[in-house]
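For the numbers below, each heavy atom of this structure counts, side chains included, while hydrogens, waters and symmetry mates do not.
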Amino acid sequence: MKHYLGVDIGTFETKGVIVTASGDIVARAARPHQMQVPAPGWAEHDAEQDWWGDFVFVTRKMLAESNIPPASIAGIGASGIGPCMLPVDHDGNPLMNAVLYGVDTRAAREIDELTAQIGPETILERCGNALTSQAVGPKILWLKRNRPDIFAKTHKILNSTSFLVHRLTGRYAIDHYSAGNFSPFYMADTQDWSDELAPGIIPMDAMADLFWTTDVAGHVTAAAAAQTGLAAGTPVIAGTIDAAAEAVSVGVLKPGEAMLMYGSTIFIIFVTGSRVRDPRLWYAPWLFRGQHGSMAGLATSGTLTHWFRNNFARELPAETALAGLLAEAEASPPGAKGLVLLPYFSGERTPLHDPHAKGVLFGLDLTHGRGDMFRAVLEGIAHGPRHVFETFAAVGQEPVVVQAVGGGTRNGVWSQATSDICGVSQSVREKTLGAAYGDAFLAALAVGEARPDDIDRWNPPASVINPRADLKALYDRQHAIFRGLYPATRTFL
């Protein structure tokens with residue numbers, strides 16, 4: 001029997017799965033790690049320990065506990081947090097901690113300078129994205145300016161997935177979806193590396209070779225086999241960023257399909273047949289040649305539920321506090337008796353791109369209780385995806401299918417409010433394991449043992465959350481208030 005291995009490196013945990021050719025899970029493992037914050041606005045991982053060390057640990061654990069022969073693993077897929085910046089030497093060894101994605105804001109000066117130098121319109125047209133803390137290019141310039149000794153030794157700039165692929169195969173490989181975050185060095189219009197917009201910063205041969213996600217980048221070396229317990233010669237795909245692999249895990253594979261991922265933040269991926277050019281959204285080539293991805297991410301989502309619980313439900317037992325709050329929210333009517341929440345407690349990402357935006361709870365009176373306020377929190381979060389879907393519609397792109405994934409799918413008030421407010425149906429799959437499961441499926445695609453439609457067999461639809469038509473007028477009125485609160489309150493910042 002053939003098996004497929006998927007491993008995903010998250011911000012706080014690495015997860016792995018081994019599945020059969022039918023998509024059945026035969027082994028699972030996880031290992032937590034920490035995000036280091038050595039200075040305000042910085043966010044780092046120890047790539048040797050948190051990325052490779054975790055990969056080795058979960059792989060060996062799954063092989064040992066399942067007794068699966070390593071030679072039965074027909075393909076390996078990996079994904080990880082992105083976009084990250086990791087400089088490595090000629091042997092592929094890290095020269096410093098990896099600088100993480102948009103949560104690391106150390107390159108603010110470089111973002112402003114490069115944007116002014118190149119021009120925002122040119123960056124958007126050529127690269128597909130405005131320069132923000134998500135972009136790797138400004139962080140490379142920061143490295144050159146602030147760590148010249150490390151920069152002088154740098155042979156390649158890698159991200160989490162390309163580092164794992166190199167450790168496994170000896171090849172420097174990165175998929176186009178991940179490379180799309182390396183603005184201003186990845187050109188969306190040519191789908192290639194170029195220093196045309198920012199010459200003299202770093203030679204382009206310091207970038208990994210470009211692949212599509214399901215291309216086989218190489219095979220497990222004897223050295224990697226000795227460390228991981230895998231069989232030498234096992235195919236390894238180029239892999240991708242974690243959110244994209246999670247989208248694949250629930251069947252987002254072709255134009256018209258979108259993923260709405262509930263978590264500490266909400267992330268949305270919409271696969272399109274043509275490139276979307278809009279500064280309010282993020283862009284990257286999708287995982288497969290000829291397809292495109294339009295992305296959006298909110299700054300604060302599930303985190304708000306924990307904030308509310310910790311501050312306003314301290315008398316409830318910790319293990320049942322969230323369930324108690326949900327029961328109170330469910331007892332509050334849709335619309336939370338007129339309360340509207342702006343969930344911008346950490347600023348907002350798409351479509352506002354305003355780190356200074358603030359949270360607001362509007363409409364309070366003496367009749368409101370804790371359940372009303374918690375419902376307003378959940379509904380306020382749900383207005384964020386509606387704003388994103390309206391942005392998609394404004395550029396002529398509306399998803400046909402929305403696949404929901406993440407812990408929020410188990411929160412009935414939140415997920416139902418999202419469908420009601422956005423006016424979209426959400427499909428929930430049988431398995432919500434996340435990116436590692438998508439990695440395994442991508443590996444099966446790569447070696448020809450699965451076709452895209454097989455995801456419906458691997459992970460069949462389980463339920464649908466439909467919008468309630470009788471609430472449309474109510475939520476349309478409240479969304480108008482939601483959209484008006486941001487410009488009204490921004491004048492006070």
Side-chain angles (χ1 to χ4, degrees), residues 102 124-125 127-130 132 134 177 180-181 183 188 241 243-244 246-248 250-263 265-288 290-301 342-344 348-354 357 379-406 408-409 414-415 417-428 464-467 472 475-476 478-480 482-484 486-487:
L124 182 65
E125 179 61 29
C127 302
N129 297 290
T132 68
Q134 286 283 101
Y177 182 81
N181 296 283
S183 303
I241 290 176
E246 183 146 16
V248 168
V250 292
V252 177
L253 288 157
K254 55 184 180 290
E257 297 175 338
M259 174 193 74
L260 197 160
M261 181 173 69
Y262 294 84
T265 66
I266 281 176
F267 196 81
I268 298 171
I269 294 179
F270 180 23
V271 182
T272 63
S274 59
R275 177 179 157 193
V276 173
R277 292 171 170 84
D278 195 288
R280 295 170 293 180
L281 303 167
W282 296 319
Y283 167 79
W286 186 230
L287 310 187
F288 312 107
Q291 296 184 8
H292 304 266
S294 187
M295 281 72 64
L298 310 186
T300 311
S301 303
L342 275 189
Y344 305 155
E348 184 56 299
R349 298 194 291 174
T350 54
L352 300 180
H353 297 295
D354 185 354
E379 291 183 347
I381 298 168
H383 281 286
R386 175 164 173 172
H387 194 180
V388 170
F389 288 131
E390 288 173 342
T391 306
F392 284 144
V395 296
Q397 301 280 353
E398 294 187 74
V400 177
V401 176
V402 176
Q403 303 283 355
V405 68
T409 59
W414 185 9
S415 56
T418 301
S419 277
D420 291 338
I421 290 169
C422 296
V424 300
S425 296
Q426 301 174 79
S427 175
V428 181
V464 177
I465 306 167
N466 291 310
K472 183 180 186 304
Y475 283 128
D476 283 350
Q478 290 205 314
H479 190 68
F482 176 89
R483 292 290 300 272
Y486 168 70

Pairwise distance CZ(Arg349) to CD1(Ile266) - rounded to 0.5 angstrom: 10.5 Å
Check ion pair Arg386-Asp420 (N to O, under 4.0 angstrom): no
Side-chain touch Pro351/Val388, heavy atoms, less than 4.5 angstrom: yes
Whether Tyr344 and Phe482 hold their rings parallel, tilted or perpendicular, with breakpoints at 30° and 60°: perpendicular
Contact check, side chains of Glu379 and Ile421, non-hydrogen atoms, under 4.5 Å: yes
Any donor-acceptor N/O pair, Glu257 side chain to Val401 backbone, under 3.5 Å: no
Flag for Tyr177-Gln291: side-chain donor and acceptor within less than 3.5 Å: no
Residue pair Thr391 / Leu281, side-chain heavy-atom distance below 4.5 Å: yes
Reported CZ-to-OG distance for the pair Arg275 and Ser294, which is rounded to 0.5 angstrom: 11.0 Å
Beyond-backbone contact of Val271 with Pro255, side-chain heavy atoms, under 4.5 angstrom: yes
Stepwise side-chain hydrogen bond (donor to acceptor under 3.5 Å, both in side chains) check, Gln478 with His383: CA-CA 9 Å; Gln478 290 205 314; His383 281 286; 4.7 Å; no
Rounded distance (nearest 0.5 Å) linking atom OG1 of Thr418 with atom CZ of Phe389: 9.0 Å
Ile269 and Trp286: CA distance, side-chain angles, deciding distance, side chain to side chain contact (heavy atoms under 4.5 Å, CB included) verdict: CA-CA 10 Å; Ile269 294 179; Trp286 186 230; 3.7 Å; yes
Donor on one side chain, acceptor on other, Gln397 and Thr272, under 3.5 Å: no
Mutual orientation of the aromatic rings belonging to Trp282 and His353 [parallel < 30°, tilted 30-60°, perpendicular > 60°]: tilted
Interatomic spacing from CG in Leu298 to CD1 in Ile381 - rounded to 0.5 Å: 9.0 Å
Where Thr265 and Ala299 come nearest, the two heavy atoms and their spacing: CG2-O, 3.1 Å
Side chain to side chain contact (heavy atoms under 4.5 Å, CB included) assessment of Leu352 paired with Arg280: CA-CA 7 Å; Leu352 300 180; Arg280 295 170 293 180; over 6 Å; no
Closest non-hydrogen atom pair, Ser419 against Ile465: OG-O, 3.0 Å
Euclidean distance, Leu253 CG relative to Leu287 CG, rounded to 0.5 Å: 8.0 Å
Non-hydrogen side-chain atoms of Arg277 and Tyr283 separated by less than 4.5 Å: no
Any Cys127 side-chain heavy atom under 4.5 Å of Asn129 side chain: no
Ser301 OG to Met261 CE distance, which is reported to the nearest 0.5 Å: 9.5 Å
Side-chain H-bond candidate by donor/acceptor type, Tyr486 with Glu348, under 3.5 Å: no
Gln403 and Gln426, any side-chain heavy atoms less than 4.5 Å apart: no
Intermediate values then yes/no, side chain to side chain contact (heavy atoms under 4.5 Å, CB included), Leu260 and Val405: CA-CA 6 Å; Leu260 197 160; Val405 68; over 6 Å; no
Verdict with reasoning, Val464 to Val428, per side chain to side chain contact (heavy atoms under 4.5 Å, CB included): CA-CA 6 Å; Val464 177; Val428 181; over 6 Å; no
Minimum-distance pair of heavy atoms, taken over all atoms of Pro285 and Gly180: CD-CA, 4.5 Å
